[in-house]
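These values consider heavy atoms only, across backbone and side chains, with no hydrogens, waters or symmetry-generated copies. A, B, ... follow the sequence lines: proteins, then strands. Residue 1 opens every chain.
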Amino acid sequence: MAKAYDHLFKLLLIGDSGVGKTCLIIRFAEDSFNNTYISTIGIDFKIRTVDVEGKKIKLQVWDTAGQERFKTITTAYYRGAMGIILVYDITDEKSFENIQNWMKSIKENASAGVERLLLGNKCDMEAKRKVQKEQAVKLAREHGIRFFETSAKSSTNVDEAFSSLARDILLKSGGRRSGNSHKPPGTDLKACDKKNTSKCSLG
Amino acid sequence: MADNLPSEFDVIVIGTGLPESIIAAACSRSGLRVLHVDSRNYYGGNWASFSFSGILSWLKEYQENSDIVNESPTWQEQILENEEAIALSRKDKTIQHVEVFCYASQDLHEDVEEAGALQKNHASVISGNPTEAAHSAYQPSEDESLCTVSCEMPTEQTPSSDQETALEINDVEVTGEKEKRYDDKTHAKSASEEETSENVPIAEDTVLQPKKNRITYSQIIKEGRRFNIDLVSKLLYSRGLLIDLLIKSNVSRYAEFKNITRILAFREGRVEQVPCSRADVFNSKQLTMVEKRMLMKFLTFCMEYEKHPDEYKAYEEITFSEYLKTQKLTPNLQYFVLHSIAMTSETASNTVDGLKATKNFLHCLGRYGNTPFLFPLYGQGELPQCFCRMCAVFGGIYCLRHSVQCLVVDKESRKCKAIIDQFGQRIISKHFLVEDSYFSENTCSHVQYRQISRSVLITDRSVLKTDSDQQISILTVPGEEPGTFAVRVIELCPSTMTCMKGTYLVHLTCTSSKTAREDLEPVVQKLFTPYTETEIENEEVEKPRLLWALYFNMRDSSDISRNSYNDLPSNVYVCSGPDCGLGNDNAVKQAERLFQLICPNEDFCPPPPNPEDIIIDGDSLQSETSEFSVIPEANSETPKESTSLGNPEETSQ
């Protein structure tokens, strides 16, 4: 059977409880939004295929299954992830501060070459904003990763964010067979990181 | 704790070992509200896997365990007049006789740290006061003669002997300088570049040390993340209950597996490969034509021995090894069948058991590859976590580092009604599953435990060299004297994601007769040679060299009758720790049996219902995995063997 896609990328979302990770996944995969609090029951991962640089990229987006709540995300969750999306809530300062802790978890558990992306979600709630965009831009720059402000509710920047992460992974893998991201040659990585430091798209 | 726990559940599971995790997943899947807690800061209990720094912390934590006095709110005052409490244990007493030896040379470079390791959980322990604690317990002084350098903690960088350093000097300097350079870089630059520096030494190591393959202790520390060291060493039978459960429940999507590539035997001081599949037998160079025919004939018979009772009925009363002597098999072949295929010993099995084991082995051949076994990438410790994720996906709540002080029992109904946790919170539930190690001595005073002897080695090459350096092997070494047990040796290569490049991770396991080192060291000495001895003899050493070795005894709480525990209410169920066996059938059977007590007539871990979540396209999973890994096919029609195999023991209630 011919494959309906050129690459399959495994992506993960992490971040504090209630920042809207599941909503982002559902918005991205199904283009819908549920206003009531969805506890993450029954959502393992969602799939959507996107076109990037003329390639069909099948994105398998995994949710935390609520295990972030008491900081009990399994090490197995991070295995084989090629992209990790860190999410905070722009109306919740604590969730932004905790991004540093999630960065540590990634460093400790994910493979070294994993692409990361920072999202400040709920940007439709400007009136309740607690985290200024500049703070996040600075943080993203320090880590050399991209940053978007998104809203799963108003569907702002959600597709853009996922697509840009898919593009970064695609470029990094250099069109090689997917799944090799654990062990890219050192040179490859260096080139990529230099490029990374200069890019911080603002939402 | 940022968040308060709900105060009511249907099932509370204490312990995150494999049986507990399977039950938690099954209950959650069936719609029960599950709270799953573990007092440790990692998943899996004695089923866990650790990075190198993780295992060092585990050793240390175990050692400090004895001194811990937990300042928790007292639960006694919460117990009402019509209630009783069953206090749970605060100490883990399942691990004993821990001994660690380091043979790899330690260069003078100080402050080597595991690359990328920001020990979120163990941080406090590590940064605590390493030198002070490192000097005591698990370093027996009389063992100094056995190894030139004994080391307990990575932080204590003992300079190695002059002679050794002299021999090593070139490599050490290169490595040391390189590390230093990168260290400086990391401090100055951003986190994303740190990752680069973390990767570079790996790439360069292979270039700089093409043949010598000298791994230093600081390299092991630095590459510590590459290790996933299992506390229990097991494999999955490719038609075993666990594989069937993983496929049926779709939990298989959370893990990847590799086939064991070869079965080895140790005879007359030599390691050799055992031909077991038809192709192996025909291609074997060590067997004569006559032997090939004999072996094929016998194995073909074993495949359907039940159909030919006349062939073995007369021998039912004798041992399998005696029976093999009556068959047309050379001593060579008898040895292979007895130790490597049936994996039993001269005295342990009768004819029918031996035939059954042989049949099972052959039955599992060929499903995923040339041997009957699979190993999970990143180690056995992934498996409990995969079931925990399944439980969480269906709403199960997880708390690690969360201990339970006591179970609260209603005096009148004699049923357990709640737990009181470390914060003094009372949490109500209908059912309580407790892993054996959580019970206090009062509860277990009549329980007779067996012990498992374990050893973990890091070596520099395979016990049997072949063209491919990515072999995963299992080797059974029979016990030498009567009364000693066969030792199971599993050798893992770096592509299993359990050890760094240029090393092998070797697990030894047997039923204990003495301490782990007493039981296993004779076999270690037969197969391996300490790193430093070869340094003196120089070159041309056949045996793999030991870089690091760990010995410990683990409690085997399997197959213990529930009645042995004192005064357990009927809605408190006991889960055992790991057993000594090679497969995982014991854990699955136990989980299913206990699940049926909690949810009679419910299906055990049926596939998740949401069809859109399931990848129907078989290719999609494959393309994600590396070339040689195996994913059990999802949604395959596997007969539910578990029901027919399930042998529920007599349990009161």
Straight-line distance of [X] [atom1] to [Y] [atom2], nearest 0.5 Å:
X	Y	atom1	atom2	answer
B:E382	A:Y77	CD	OH	14.5 Å
B:C388	A:I73	SG	CD1	13.5 Å
B:I397	A:Q67	CD1	CD	11.0 Å
B:R253	A:D44	CZ	CG	4.5 Å

Of all residues at least two apart in sequence or in a different chain, which pass the ring-ring contact (aromatic ring centres under 6.0 Å, His included) check with B:F387?
none
Can you list everything that forms a ring-ring contact (aromatic ring centres under 6.0 Å, His included) with A:Y88? Sequence neighbours excluded, please.
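A:Y88 satisfies ring-ring contact (aromatic ring centres under 6.0 Å, His included) with A:F96 once adjacent residues are dropped.
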Any side-chain heavy-atom pair of B:E256 and A:R79 under 4.5 Å
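A side-chain contact is absent here, since even the closest heavy-atom pair is not under 4.5 Å.
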Does a side-chain heavy-atom distance below 4.5 Å link B:Y378 with A:T75?
no
Looking only at non-hydrogen atoms, find the nearest pair between B:Q385 and A:A76 and report the distance.
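Between these two residues, the closest heavy atoms are OE1-N, 3.0 Å.
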Minimum-distance pair of heavy atoms, taken over all atoms of A:F70 and B:N4:
CZ-O, 4.3 Å
Working note: B:L400 + A:K71, criterion side-chain contact (heavy atoms from CB on, under 4.5 Å); need CA distance, chi angles, decisive distance, verdict.
CA-CA 8 Å; B:L400 300 179; A:K71 310 210 164 37; over 6 Å; no
Test side-chain contact (heavy atoms from CB on, under 4.5 Å) applied to B:Y254 and A:T74, step by step
CA-CA 11 Å; B:Y254 303 141; A:T74 58; over 6 Å; no
Please classify the contact of B:Y398 with chain A as side chain, backbone, both or neither, using a heavy-atom distance under 4.5 Å.
both
Apply salt bridge (charged side-chain N to carboxylate O under 4.0 Å, His left out) to residues A:E108 and B:R225 and explain how you reach the verdict.
CA-CA 8 Å; A:E108 200 177 326; B:R225 269 189 71 195; over 6 Å; no
